[in-house]
Amino acid sequence: MRAIVIGGGIGGPVAAMALQKAGIEATVYEAYDGTATGVGGALGLAPNGRQALAAIGADAAVAAAGRPMRAMVMQSWTGKRLAEFAAPERLPEQLLIWRSDLYRALYTEAGRRGIRIEHGKRLVSLQDATATFADGSTAAGDILIGADGIRSTVRAAIDPGAPSPRYAGLLGFGARCPGDGLAPTGPKMHMVFGKRAFFGYQIEPDEAGWFANLPHPAPMSAAEARSTPAEEWLRRIAELFRDDRTPAVEMVRRTRPEDLVITGGLEDMPSVPVWHRGRVVLVGDAAHATSPSSGQGVSLAIESAVQLARCLRDLPVERAFATYEQLRRARVERIIKMAARTNADKAAGPIARVLRDLIMPVAMKAFGDPEKFAWQFDHPIDFDAPVVPGERMMSRSTG
């Protein structure tokens with residue numbers, strides 16, 4: 001079997017490596033002419049994402065590019081600690097990793113395994129499992145996998161009525177800055193429900209990183225947001241956090257304009273009704289994009305790529321696609337809904353903000369046991385186990 005993978009970001013190379021391990025030849029076709037080195041902000045690679053990478057022998061290649069993120073500390077704008085939670089200690093460490101570093105690690109590992117990635121191949125149409133690109137070239141395979149992101153061309157081709165991305169009401173920004181002289185957080189990400197916006201940061205002596213989510217009533221694309229100079233955005237961001245008792249203003253002031261990552265509006269996908277049609281299937285954000293607030297977008301994409309490869313190894317194509325969807329849909333949609341609730345908290349108004357800050361410490365005490373959250377993080381994949389049609393896989397914590 002030969003597979004065509006559309007999209008050379010994160011999910012595409014992982015899908016190709018998983019397919020190769022399953023005995024399926026895969027070639028990745030990427031729309032952009034160059035690589036994504038230096039592109040993107042920080043993200044969390046959750047323990048479950050690392051478990052999925054380990055299932056195909058790729059975790060070690062990625063782990064060296066990240067920093068430990070062993071807990072998340074929730075704070076109010078007044079500096080009050082609302083809660084702290086972490087994944088169970090038995091699991092791989094969560095990593096704070098810059099998207100460009102993750103991309104480079106996966107791209108290098110795929111190349112080491114002999115996987116071909118062709119650039120400058122922007123998909124314009126498909127017929128069965130044959131892709132036609134903007135440069136007039138074509139590629140044919142036995143199956144075609146759409147790993148082409150939240151605005152997937154493949155998704156639109158197999159279901160013209162598919163929903164569009166949903167705006168989360170927030171704009172995203174982030175950067176690295178010098179950490180010297182700032183109070184170190186150690187391997188803990190601090191999440192601040194600010195008076196006017198949301199701020200996350202992790203500080204170590206050699207480097208600090210931060211991100212901000214700013215409530216904004218109307219959606220704004222990355223291109224639209226970048227039309228405003230970075231210097232102006234940094235000024236606005238610092239102003240929004242001026243009343244917060246956090247290092248936000250100082251970290252923003254230390255940020256060079258050229259280092260500011262501007263992502264535009266945060267988005268997710270509501271339930272995507274069609275994941276596959278004929279010999280074409282979706283993985284990652286093309287099928288189940290969750291907003292960055294989940295901390296799970298990359299990890300879920302990796303899980304899906306690995307599970308799809310298992311299914312294709314053991315089942316005929318039609319049954320493989322159906323079983324893959326059964327394995328994945330309930331889990332990813334549960335996390336998408338959870339992230340949507342988090343976005344609502346980040347954009348809370350004055351009254352809702354007071355209620356949130358009162359309720360959250362009580363709620364977190366009720367769920368203080370890390371095992372209560374383990375369903376997200378403890379999701380091992382036994383790659384060698386045979387896939388059974390109709391199979392459903394759950395995390396160990398949910399049985």
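In this text the structure is predicted, and so the values were computed from the model without any measurement. The basis for the numbers below is simple: all heavy atoms, side chains too, and nothing from hydrogens, waters or symmetry mates. Residue numbers count from 1 along this sequence.
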> So does Glu318 have more than 12 non-hydrogen atoms from other groups sitting under 6.0 Å from CD?
Replying inline: no
Residues forming a side-chain contact (heavy atoms from CB on, under 4.5 Å) with [X], sequence neighbours excluded:
X	answer
Arg235	Glu232
Arg253	Val249
Ala52	Ile302, Glu303, Val306, Ile381
Ala287	Trp275, Leu282

Given 3.5 Å as the limit, does a donor-acceptor pair link the side chain of [X] with the main chain of [Y], or not?
X	Y	answer
Trp210	Pro247	no
Thr263	Gly172	yes
Arg67	Leu96	no
Asn213	Leu170	no
Arg245	Gly79	no

>> Working note: Glu333 + Lys337, criterion salt bridge (Lys or Arg N to Asp or Glu O under 4.0 Å); need CA distance, chi angles, decisive distance, verdict.
In response: CA-CA 6 Å; Glu333 291 189 353; Lys337 289 178 181 177; 5.7 Å; no
> Would Arg122 count as a cation-pi partner of Tyr32, with NZ or CZ less than 6.0 Å from the six-membered ring centre and within 45° of the ring normal?
Replying inline: yes
Would you give the length of the straight line joining atom [atom1] of [X] to atom [atom2] of [Y], rounded to the nearest 0.5 angstrom?
X	Y	atom1	atom2	result
Phe321	Leu312	CZ	CG	5.5 Å
Leu234	Thr255	CG	OG1	6.0 Å
Arg277	Leu126	CZ	CG	11.0 Å
Ile336	Arg331	CD1	CZ	11.5 Å
Lys188	Ile203	NZ	CD1	14.0 Å
Phe198	Met191	CZ	CE	5.5 Å

Answer with yes or no whether the hydrophobic clustering places [X] together with [Y]; edges join I, L, V, M, F, W, Y residues whose side-chain heavy atoms lie under 4.5 Å apart.
X	Y	value
Leu45	Met338	yes
Met69	Val261	no
Leu171	Phe193	no
Tyr107	Trp98	no

>> Applying side-chain hydrogen bond (donor to acceptor under 3.5 Å, both in side chains) as the test, list every pair that has at least one member in residues 54-65; sequence neighbours left out.
In response: Arg50-Asp59
> Taking the six-membered ring for Trp, are Phe199 and Phe241 parallel (under 30°), tilted (30 to 60°) or perpendicular (over 60°)?
Replying inline: perpendicular
Pair up each side-chain donor or acceptor in residues 10-21 with any protein partner under 3.5 Å, not counting sequence neighbours, and list the distances.
| residue | atom | partner | partner atom | Å |
| --- | --- | --- | --- | --- |
| Gln20 | NE2 | Arg113 | O | 2.8 |

>> I'd like to know if Arg112 and Glu109 make a salt bridge, using a cut-off of under 4.0 Å between side-chain N and carboxylate O.
In response: yes
> Of all residues at least two apart in sequence or in a different chain, which pass the salt bridge (charged side-chain N to carboxylate O under 4.0 Å, His left out) check with Arg116?
Replying inline: Glu118
In a table with atom names and distances, give each donor-acceptor pair under 3.5 Å that connects a side chain of residues 292-301 to protein atoms at least two apart or in another chain.
| residue | atom | partner | partner atom | Å |
| --- | --- | --- | --- | --- |
| Ser293 | OG | Asn343 | OD1 | 2.4 |
| Ser293 | OG | Lys346 | NZ | 2.8 |
| Ser294 | OG | Thr290 | OG1 | 3.3 |
| Ser294 | OG | Ser291 | O | 3.2 |
| Ser294 | OG | Gln296 | N | 3.0 |
| Gln296 | OE1 | Asn48 | ND2 | 2.8 |
| Gln296 | NE2 | Asn48 | OD1 | 3.1 |
| Ser299 | OG | Ala46 | N | 3.0 |

Check: [Y] and [X] side chains under 4.5 Å, non-hydrogen atoms:
X	Y	result
Asp142	Arg279	yes
Pro47	Gln94	yes
Ser271	Pro163	no

> So, for Ala385 and Asp314, which heavy atoms are closest and what is the spacing to 0.1 Å?
Replying inline: O-OD2, 4.0 Å
> Which pair of non-hydrogen atoms, one from Ile24 and one from Ala3, has the smallest distance, and what is that distance?
Replying inline: CG2-CB, 4.1 Å
>> Per the salt bridge (charged side-chain N to carboxylate O under 4.0 Å, His left out) rule, what does the pair list look like for residues 148-163, sequence neighbours excluded?
In response: Arg151-Glu267
> What salt bridge (charged side-chain N to carboxylate O under 4.0 Å, His left out) pairs are there with at least one residue in residues 160-172, not counting sequence neighbours?
Replying inline: Arg166-Asp268
> Can you name the residues that form a side chain to side chain donor-acceptor pair (under 3.5 Å) with Arg70, not counting sequence neighbours?
Replying inline: Glu93
>> Phe133: which residues meet the ring-ring contact (aromatic ring centres under 6.0 Å, His included) condition with it, sequence neighbours left out?
In response: Tyr29
>> Quick one, Thr27 with Arg2, criterion side-chain hydrogen bond (donor to acceptor under 3.5 Å, both in side chains). Give me CA distance, side-chain angles, the key distance, then yes/no.
In response: CA-CA 8 Å; Thr27 302; Arg2 293 179 60 251; 5.3 Å; no
